[in-house]
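Before any comments, here is the structure.
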Amino acid sequence: PSGLQPVNGWAGVYDSGPGQFDLGRMKLARADVNGDGRDDIVSMYGYPDGSARAQLFSGAANLALTGGAGGITYLPPGALSWGASVFLGGDWDGDRKGDLASLESRDDGTTHAGILRSTGTAFAWTKDAWVTPAAEIARTTCAGECWPLLGRAHNGGPIARRPLVVKIDNHPSARPHYGIAQADIVFEVLVEAYLTRLAAIFHSQDPDEIGGIRSGRLADRQITPMVRGALVYSGATIEETEAFRNDAAAGAYFDMDAGIVSPSPYYRVPFRPNPYNMFSRSSLLREALNRLPGGGDPVTVPAWDFLKNASHAATAGGFGSGVYAGDISIGYRTNFGVLYRYDPATRTYMRWQAGVREVDAHDARAIAPKNVVIVYTDVWETNVIQDIFGSRGLDMRLSGTGMATIFRDGLRVDGSWGKPGLYDPFRFYTRDGARIYLSPGQTWVHILPSSWQVTSN
């Protein structure tokens, strides 16, 4: 009756304390959970391992947290795709206790409805209470007909071959790069001393020359399995090498360290100083991979989300709320800063690094991805010493959920990413939970600490 005024003033009625909740991982619904006639707030909170908890802010207690941060209901990892779900509150069975419904979109275009029925103090979870048939989304997205990491029609190409995940040096002395214009996806990842290194994924195309190839890093242990790849690199620290060997023995990916593959598919070029001069060819790498037990076996590479046609409305596929972004600036350290500038004629992003327009030295093709994706996550220093200066290696979280920014068709959308486990691809969502689809073509992905910001005009 007095308007929208905060109870107890702006200090509020409840303070969780600093750092207890990340609103980016919360999905909120209103429901009278215990049936006392007062609405409560239910927070479904997603955790990095893919699990979720329902937490109750009780209306009877001035919206104070009831039941602790552990919540009143636990959903195990994989129970639902967190990033692709929304929650609605209501009394579905008429017992005057507020229930929840979860609505989840799946990769096959179906929608799955689950019920969280209130017992008064918790929720009883019923998965797949209702499922739609495969829906309209298949008509507008590239499903089964396209290269899974590129989104373009494969036209009978060798889609079942294993992708090559090649570590490309990004030191100024290693530029310009060779072969990366033909990569389906390129990850730019922070390494020791906050330099960056590339992981170029080759699946649909095979460049004649790739370089310069450098050592592997801990993030490769998470990037390579999600594309069912073979990791192509030149050595690593003792700790990383042991981890790569163990991963390969467990079947996570194929280890193609230059130090163990024989006969070697790697060679040194005379026009670059050591250690920036190790190169290879896709043909040599695939021959070496096929010699490994199972390396040449057909694989099903999990597809990323692409629109079906390159000619599409700029606002299609989750970009209805997009804002114009012509220039994109990523503030890496000196000599590593990246600028993308949108070209409306080609619907691509021209790339500069350290003020230099990037061109593939192999075929003089300008680097111009269709999509630029920013994945914000936890990044931390490890105890692995990477160089003579004592620089510590970095590791990062690439499963669970987090915030994301996606640039496509000259527009920017801030939302979230979801990746339930090691072998799952990234999915991207708007702030309202709608799936975001990429434009067919090359994608550059930048993995950044959650505290960083990417600016665009």
Side-chain angles (χ1 to χ4, degrees), residues 21-33 39-57 63 71-93 97-118 122-138 140-141 305 315-322 375-376 399-406 413-421 424-438:
F21 292 109
D22 176 359
L23 291 177
R25 294 181 181 170
M26 295 175 76
K27 297 184 179 182
L28 303 174
R30 185 187 71 181
D32 180 8
V33 175
D39 282 337
D40 310 303
I41 293 178
V42 180
S43 159
M44 294 299 300
Y45 195 85
Y47 287 80
D49 66 354
S51 66
R53 289 177 172 86
Q55 292 150 339
L56 180 65
F57 295 85
L63 298 182
I72 60 173
T73 300
Y74 171 79
L75 300 182
L80 51 81
S81 297
W82 175 252
S85 300
V86 296
F87 294 90
L88 301 173
D91 181 9
W92 313 132
D93 55 3
K97 296 185 180 70
D99 311 305
L100 297 184
S102 67
L103 298 173
E104 173 191 355
S105 62
R106 295 281 180 86
D107 294 347
D108 61 2
T110 60
T111 297
H112 293 239
I115 299 293
L116 291 98
R117 198 174 302 281
S118 175
F123 291 106
W125 166 243
T126 301
K127 187 177 182 180
D128 291 348
W130 178 69
V131 181
T132 69
E136 296 287 323
I137 196 69
T140 59
T141 60
D305 290 331
T315 55
F319 270 72
S321 62
V375 169
Y376 298 100
S399 292
T401 62
M403 306 308 294
T405 300
I406 299 86
V413 170
D414 293 298
S416 63
W417 61 268
K419 188 176 177 295
D424 297 300
F426 279 102
R427 303 287 183 222
F428 303 103
Y429 308 94
T430 68
R431 285 172 171 165
D432 295 328
R435 187 79 68 86
I436 292 174
Y437 292 85
L438 304 176

Exercise. Between D99 and S118, do the side chains contain an N or O donor and an N or O acceptor separated by less than 3.5 Å?
Worked result: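 S118 and D99 do not have a side-chain donor-acceptor pair below 3.5 Å.
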Tell me the closest heavy-atom pair linking [X] and [Y], and the distance in Å.
| X | Y | result |
| --- | --- | --- |
| T430 | V413 | CG2-CG1, 4.4 Å |
| Q55 | G71 | CG-CA, 3.6 Å |
| F123 | G98 | CE2-O, 3.6 Å |
| D91 | K97 | OD1-O, 3.2 Å |
| P420 | S399 | O-CB, 4.3 Å |
| A113 | L103 | CB-CD2, 3.7 Å |

Problem set entry | N/O donor-acceptor pair under 3.5 Å between W125 side chain and G114 backbone |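 No, because the side chain of W125 does not come within donor-acceptor range (under 3.5 Å) of the backbone of G114.
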Please report the interatomic distance [atom1]([X]) to [atom2]([Y]), rounded to the nearest 0.5 Å.
| X | Y | atom1 | atom2 | value |
| --- | --- | --- | --- | --- |
| S51 | Y45 | OG | OH | 11.0 Å |
| I115 | S102 | CD1 | OG | 7.5 Å |
| K27 | F87 | NZ | CZ | 6.0 Å |
| W92 | L116 | CH2 | CG | 11.0 Å |
| D305 | Y429 | CG | OH | 7.0 Å |

Exercise. Given F57 and L28, is the side-chain contact (heavy atoms from CB on, under 4.5 Å) satisfied, shown in steps?
Worked result: CA-CA 10 Å; F57 295 85; L28 303 174; 5.5 Å; no
Exercise. Should V375 and F428 be marked as a side-chain contact (heavy atoms from CB on, under 4.5 Å) after you check the CA-CA gap, both sets of side-chain angles, and the distance that decides it?
Worked result: CA-CA 9 Å; V375 169; F428 303 103; 4.0 Å; yes
Exercise. Do M403 and D414 have side-chain heavy atoms sitting under 4.5 Å apart?
Worked result: no
Exercise. Does R53 CZ have over 12 foreign heavy atoms under 6.0 Å away?
Worked result: yes
For this session: Sort out for me which residue in V33, L88, V42 forms a side-chain contact (heavy atoms from CB on, under 4.5 Å) with L100.
Result: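 Of the listed residues V33, L88, V42, the side-chain contact (heavy atoms from CB on, under 4.5 Å) partner of L100 is V42.
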